[in-house]
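The structure appears below as structure tokens.
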Amino acid sequence: MKKELKILMLEDNLEDAELNKIELRKRKIDFVSKVVKNEKEFYKALKEFQPDLILSDYSLPQYNGLVALELAKKILPDIPFIMVTGSLNEEKAADCIRKGAWDYVMKERLIRLTPVIKNALKLKKEKEKKSFAEKALLESEERYRSIVENSHDGIITIDTEYKLIYCNDEIFKMFGYLEKEIIGQDFRKFLDKNSREMVAKRYREQQQEKKIPPRYEFDIIRKNGEKRNIAISSSVIRDSKGKLCTVAQLLDITDRKQAERKLQEREAFNFALFEFNPIETIIVDRKGKIIKSNLAVRENRNKIPKEGEIMYKDFASKHETEMYSILMNSIKTGKTINVPESKYEDKIWAITIAPFDKGAIISAKDITENKLAEQQIKKDLMAKEILLKEIHHRVKNNMQIISSILKLQSRSIRNEKMLKLFKESQNRIRSMALIHEKLYQTEDFTLINFNDYVRSLSTYLLITFCVNIDNVNLSINIKNVMLDIDIAIPCGLILNEVLSNSLKYAFPKNRKGNIWIEFSLNKGEYTMIIKDNGIGFSKNITLSNTETLGLQLVRALSDQLHGKVIFSGEKGMNFKITFKKKN
């Protein structure tokens, strides 16, 4: 629907105003109008009526057309203002036009009113279009300036002499120079020597409108001497004066190039690690389809896996283990699965399945030779264990023979002192034979359970010396301590000597008493205690001055263990030895 033209008439003569209306209707102008006579009404109408056009008399009794023109320009600066008057000569008319009136019409020639109005409206429309275009251009320039100034890329403009005409802030950061140090300078000054000729050639070819890629790379030297890699994208334009210049966008790609090089190096390393890994490696997708295999697979297998084949179905399907199910379970659960042994044809494989988001990496190591060697080692070890067991058995038997010989020999001895020596030697041999007997009975041929050994030796000595267990109570407190043979033999001989001495001398004439044996390991140190509450020793007897063979043996064996000995014979015998555990 066409909008009605709103016309404000400043006219003190209502008949003249009516004539204006008649003329417009006669020319079929669709309008509404408002007639005012003075400044107050005129001002109010400008604010409230908001006219599209003003028709004003030049001279009014209480007002003036030129004053009204100034007011209209302030309130509605773009509104067409036309003087319609009967008192206007050429000089005044020119003055009105000069001061802002759009045109004038003499009242005696109202026939010109419609063409003048149409012409004014047309001119207004053109002015509005021009104003809109100028505003759009200004906004566009502002947007462009904002984009350029706030861009994270450097923006430059260069003339035909390589002079820098414009640089945004990012260029100053990129090059490390101040604005005054760059603007007006030859752009090539800031380039690496190896880049200058290449950039100049590109620049010349581009200005000659040759078809060259608009994007390329070169190196700049920052103010601090640092070299940076720059990517540039440029185009040739003409400035407002028609002169050629180049606008270019610069991006510092040094960090990106370094990251790309590192990525390429890492990818090359990963490829080499995969391709030349001596362990056969195959990569499959989540459905078990083969994606890639390494050199070890291709060289070692009679059949080379093909891309797209199903692992453990189309390829390597004859494993005794159900490997396809294991593979699918690993991919589904995301858990790495190790299959220590899986027989395939005539070989044994150790297989690891390591899942990742797109499938799994399967590593297969041929352990056939290792398993054969392991089986041979087990056979050899078993043979050695049997041999060692036999040796301990024979040593124990030989010692028992020696003990038996001594026993037989002692039957012909009438000298009590000599007979005593024979029995003591027999007990010492028995204590050593018992060590070999324990080693023969155990699976470990290097360690014996010292608790079991002490109980067996104590039982033997109680029987040997015909001790009445109702009179003598033997208490053994030994934790599960395992001793190797080099420590067990001297400890057993020491125990034999000290315990034999207690059983023989501590409780004469059926005297009742107690014997305690303790053995423990604490913080890397062994402690052995043998004590009784018998009659004890003379104060003059010590380990250093004794002539008794048994106590001399105790001292020598303690030295062999690098042990510290504490001996007391008062209020019963108390013997304590401490020595370090061997690493």
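Hydrogens, waters and symmetry mates play no part in the numbers below; they use all other heavy atoms, side chains included. Fair warning: this is a prediction, and the values are worked out from it, not measured in the lab.
A distance of 15.5 Å separates OG1 in Thr157 from NZ in Lys163, rounded to the nearest 0.5 Å. Interatomic distance, CD of Glu217 versus CE of Met198, reported as 8.5 Å (0.5 Å rounding). Atom CG of residue Asp30 and atom CG of residue Leu5 lie 8.5 Å apart, to the nearest 0.5 angstrom. Taking CH2 of Trp102 as the reference point, atom NZ of Lys124 lies at 7.0 Å (rounded to 0.5 Å). Of the inter-residue distances, the one linking Met9 atom CE with Leu53 atom CG reads 9.0 Å to the nearest 0.5 angstrom. Between the CZ atom of Phe175 and the CD atom of Glu226 there is a distance of 12.5 Å, given to the nearest 0.5 Å.
Proximity of Tyr43 to Val36: side-chain heavy atoms (C-beta onward) are nowhere separated by under 4.5 Å. In this structure, the side chains of Asn194 and Asp219 stay at 4.5 Å or more apart for every pair of heavy atoms. Using a 4.5 Å heavy-atom threshold, the side chains of Leu55 and Glu11 count as separate.
Ionic pairing of Asp186 and Lys189 is not present here: no N-O contact between side-chain nitrogen and carboxylate oxygen is shorter than 4.0 angstrom. Using a 4.0 Å cut-off between charged side-chain N and carboxylate O, Glu345 and Lys347 make no salt bridge. The residues Arg228 and Asp252 are annotated as salt-bridged, a charged nitrogen and a carboxylate oxygen being separated by less than 4.0 angstrom. For the pair Asp95 and Lys99, the salt-bridge criterion is met [side-chain N within less than 4.0 Å of a carboxylate O]. Between Glu197 and Arg204 a salt bridge is recorded (basic side-chain N to carboxylate O distance below 4.0 Å). Between Glu265 and Arg261 there is no salt bridge, since no side-chain N of the basic residue sits under 4.0 Å from a carboxylate O of the acidic one.
Under a cutoff of 6.0 Å and an axis angle of 45°, Lys6 and Phe31 do not form a cation-pi pair. Note that Lys313 lies in the cation-pi zone of Tyr324, set by a 6.0 Å cut-off to the ring centre and a 45° limit from the axis.
Applying side-chain contact (heavy atoms from CB on, under 4.5 Å) to Val84 and the options Leu113, Asp57, Asp16 leaves one that passes, Leu113. Checked against Ile82 for a side-chain contact (heavy atoms from CB on, under 4.5 Å), the options Ile54, Ile117, Asn119, Ile7 give a single hit: Ile117.
Arg196 contributes a side-chain N or O that, together with a main-chain N or O of Arg188, makes up a donor-acceptor pair within less than 3.5 Å. At least one donor-acceptor pair under 3.5 Å links the side chain of Thr333 to the backbone N or O of Asn329. Between the side chain of Asn168 and the backbone N or O of Ile155, at least one donor-acceptor pair lies under 3.5 Å.
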Working note: Lys37 + Glu41, criterion salt bridge (charged side-chain N to carboxylate O under 4.0 Å, His left out); need CA distance, chi angles, decisive distance, verdict. CA-CA 7 Å; Lys37 298 176 181 181; Glu41 291 177 352; over 6 Å; no
Thr352 and Asn338: CA distance, side-chain angles, deciding distance, side-chain hydrogen bond (donor to acceptor under 3.5 Å, both in side chains) verdict: CA-CA 5 Å; Thr352 299; Asn338 293 301; 2.9 Å; yes
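Considering only residues two or more places apart in sequence or on other chains, Tyr203 meets the ring pair (Phe, Tyr, Trp, His ring centres under 6.0 Å) condition with Tyr162.
Closest approach of Leu164 to Phe190, counting heavy atoms only: CD1-CE1, 3.8 Å. Nearest approach of Val339 to Ser342, heavy atoms of both residues: CG1-CB, 4.0 Å. Nearest heavy-atom pair across Leu76 and Gln50 is CD2-OE1, 4.0 Å.
Side-chain atoms of Asn522 and Ser520 include no donor-acceptor pair closer than 3.5 Å.
Classified by interplanar angle (parallel below 30°, tilted 30° to 60°, perpendicular above 60°), the ring pair Phe42/Tyr63 is tilted.
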For a quick test of your reading: what N or O donor-acceptor pairs under 3.5 Å do the side chains of residues 282-295 make, sequence neighbours left out?
{"from": "Asp285", "atom 1": "OD1", "to": "Lys287", "atom 2": "N", "distance (Å)": "2.9"}
{"from": "Asp285", "atom 1": "OD1", "to": "Gly288", "atom 2": "N", "distance (Å)": "3.1"}
{"from": "Asp285", "atom 1": "OD1", "to": "Lys289", "atom 2": "N", "distance (Å)": "2.8"}
{"from": "Arg286", "atom 1": "NH1", "to": "Asp357", "atom 2": "O", "distance (Å)": "3.3"}
{"from": "Arg286", "atom 1": "NH2", "to": "Ile331", "atom 2": "O", "distance (Å)": "3.3"}
{"from": "Asn294", "atom 1": "OD1", "to": "Thr281", "atom 2": "N", "distance (Å)": "3.1"}
{"from": "Asn294", "atom 1": "OD1", "to": "Val297", "atom 2": "N", "distance (Å)": "3.3"}
{"from": "Asn294", "atom 1": "ND2", "to": "Phe274", "atom 2": "O", "distance (Å)": "3.1"}
{"from": "Asn294", "atom 1": "ND2", "to": "Asn277", "atom 2": "O", "distance (Å)": "3.2"}
{"from": "Asn294", "atom 1": "ND2", "to": "Ile279", "atom 2": "O", "distance (Å)": "3.1"}

